[in-house]
Amino acid sequence: MKPVYLQSAQLCSALGENLRDAALACHKGRLPQPKWFELHERHEQRPYLAVAGAPLDLRQRLQQLIRTSSEGGALDDCLLILASTTLDIAAIEARVAAGEATGNQMAPALDALAEELRREWGFAGAFTLNTACTSAANALLYGARLIARSHYRRALVVAFETPSEVTRQGFGVLELTSPSAAYRPFHAERDGLILGEAYASVMLACEPGPAPLARLLGGFSACDTSSLTNTAEDGSHIDWVMRRALYSAKTKPAKIALVKLHGTATQTNDLAEINGMRRTFAQALPPLCVLKPYLGHTLGACGLSETLLLLESLRQGSLPGCDYAGQALLPLAAEPLAVAGHSLMLANYFGFGGNNASLVLQGITP
Amino acid sequence: MKVIAASKVHGRNHSDSELKAALGSHLPNPPRRTDRLTLLALLAAAPLKAHLQADTGLYLAATYPARQNMFALLENVCAQQRLPKPFEFVNSVSNAAGFHVAQQLGLQGPNLFIGAGPQVWGHLLDLAGNDLERAQIRQGLVLLVEEDEQDGFCVQALVLENGGDALSARDFVALSDSVEVVRLELGS
């Protein structure tokens, strides 16, 4: 794939109101403090990582992201891709909770928000992409492919995950959320994930621009049809996806300096990723990191929120060491982890619906 | 890029049970506990099974999510303060429809789900065409699911391959005019 540059990145998350603050906190190993919600009927508490700062309505947040990432310029050469699993469901949930009866008048078309923003900002095109937890990773990959083939000159990826009650209760009922609030992917005694809220954006272009964050060199995405909720536990599909991603970037496992693992901290998905990593890298595992403890699992947004946090933290110097590395089932780095400026990195994103995706990125030293 | 097969399903006021019964004539083991979006997507995709290879990407677009499933979740969780039913929650992850189509038809390629807006055919063809040109896949199955109270439901499907001229049309009728469209009109 023709390399594509990531520019004008924004992130609002539990770790900070902007990407720089989040990366600084991550660099120092400072974990965000969760808020708690109650699982209906069971009356058990579960943690949640809400965004830092003053509450804002979704449209205000999206406007802010577009304004900042587009740097005020015209967008008639630019494709907008919205990546999210929840879209604006939090607003609908509030209406139902207030007593409004459900009905078709309540459900906006899936593309309504993208189309509204296209008209308002003058984008050349816009669509909403939802492939569960790979939504933003696929938005990056397909946005990059479309501009590399000159369908558009630029693509703006906007990824977000709002605090949806249905989502929180749904992950709770599936026994996937951590009761302890100790978010420890790949720990032998891991007890599940913590959901997180996030809003992120990045501009993709074939030219580097004044301050590129990284280059996207390639990637691959495919559907594992073995199960709707889990990927093949033997790691075979993950292995295949990672190998195809490396091939698309014209590289090989030995050239990878760092892997950002998906690492949900659920029993089966971590096991599948461990097996996938062993298949692809055998005994020569590169340095590994996990970022969900710092952002929560931001679902459809994680493909962008984690990619940006990874790149900006490395730009600030290093990723924090893992304080449970001795108990982890993969060799996570116990000490702060830095890589050379132009190193190749692999970033994994896997999700419901069998969707597995891997991206190959290259950092750029400022 | 060329169209090698197409199908279209049209109907109105059909219950999920009726859709499931209609699907039974195309698939020996249709999935259980699925939502309406999945049933509609499968109804248009299943008749094309003979044309499809494993190395096929799926590009699915829909105007709405499975709304009845979504309303059941909202009622349960937000109005009744109850836990959602696991299968309803899992189905609400909107690429569940794409998963079931890929599983039933044995498709192993990319599987994308997008919202259907005014530019939907352009986006579907761009996404599928890109993967075909880059030899990521041998075939692309594009599916558009539309349903509203006035017109009922309409599902259109195309199987794409490399070769031929660039497809400039952006509507199903023009895109499918070179092949015989498999049509399924569900009676009232």
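Keep in mind that this is a model prediction, so the values were computed, not measured. Residue numbering restarts at 1 for every chain, and letters A, B, ... go by the order of the sequence lines.
- Proximity to chain B among residues 76-84 of chain A is limited to A:Leu79, judged by heavy-atom separations below 4.5 angstrom.
- Side chain of A:His151 to main chain of B:Asp126: no donor-acceptor pair is present (N/O by atom type, distance under 3.5 Å, no hydrogens or angles).
- Heavy-atom distances place the side chain of A:Tyr152, and not its backbone, under 4.5 Å from chain B.
- The contact list for residues 156-173 of chain B toward chain A, using heavy atoms and a distance under 4.5 Å, is empty.
- Residue A:Thr86: no heavy atom, backbone or side chain, is found under 4.5 Å from chain B.
- If you measure heavy-atom distances from B:Glu133 to chain A, the contacts under 4.5 Å come from both the backbone and the side chain.
- Proximity to chain B among residues 132-143 of chain A is limited to A:Ala132, A:Asn138, A:Tyr142, judged by heavy-atom separations below 4.5 angstrom.
- Counting heavy-atom pairs closer than 4.5 Å to chain B, the top residue among A:Glu41, A:Glu100, A:Met1, A:Gln169 is A:Glu41.
- Using a cutoff of 4.0 Å between basic side-chain nitrogens and carboxylate oxygens, A:Arg145 and B:Asp131 are scored as salt-bridged.
- Contacts of B:Gln81 with chain A are made by both backbone and side-chain atoms, with heavy-atom separations under 4.5 Å.
- Minimum interatomic distance between B:Leu74 and A:Val166 (heavy atoms only, all atoms of both residues): CD2-CG2, 4.2 Å.
- Residues A:Val96 and B:Cys78 come closest through the heavy atom pair CG1-CB, 3.9 Å.
- Residues from residues 220-229 of chain A that place a non-hydrogen atom less than 4.5 Å from a non-hydrogen atom of chain B comprise A:Phe220, A:Ser221, A:Ala222, A:Cys223, A:Asp224, A:Thr225, A:Ser226, A:Ser227, A:Leu228, A:Thr229, given in numerical order.
- Across A:Thr167, A:Leu113, A:Leu299, A:Asn356, the residue that shares the most heavy-atom pairs under 4.5 angstrom with chain B is A:Thr167.
- For A:Leu174, the part lying under 4.5 angstrom from a heavy atom of chain B is the side chain only.
- Heavy atoms from other residues, nucleotides or ligands lying under 6.0 Å from CZ of B:Arg138 number 12 at most.
- When ring centroids are compared, A:Phe352 and B:Phe99 stay outside the 6.0 Å threshold.
- No part of A:Arg95 comes within reach of chain B, as not one of its non-hydrogen atoms sits under 4.5 angstrom from that chain.
- Among the candidates A:Gly125, A:Gly103, A:Ala148, A:Gly99, the residue making the largest number of heavy-atom pairs closer than 4.5 Å to chain B is A:Gly103.
- In this structure, the portion of A:Ala126 lying under 4.5 Å from any heavy atom of chain B is its backbone and not its side chain.
- In this structure, chain B has a heavy atom under 4.5 Å from the side chain of A:Arg118, while its backbone stays farther away.
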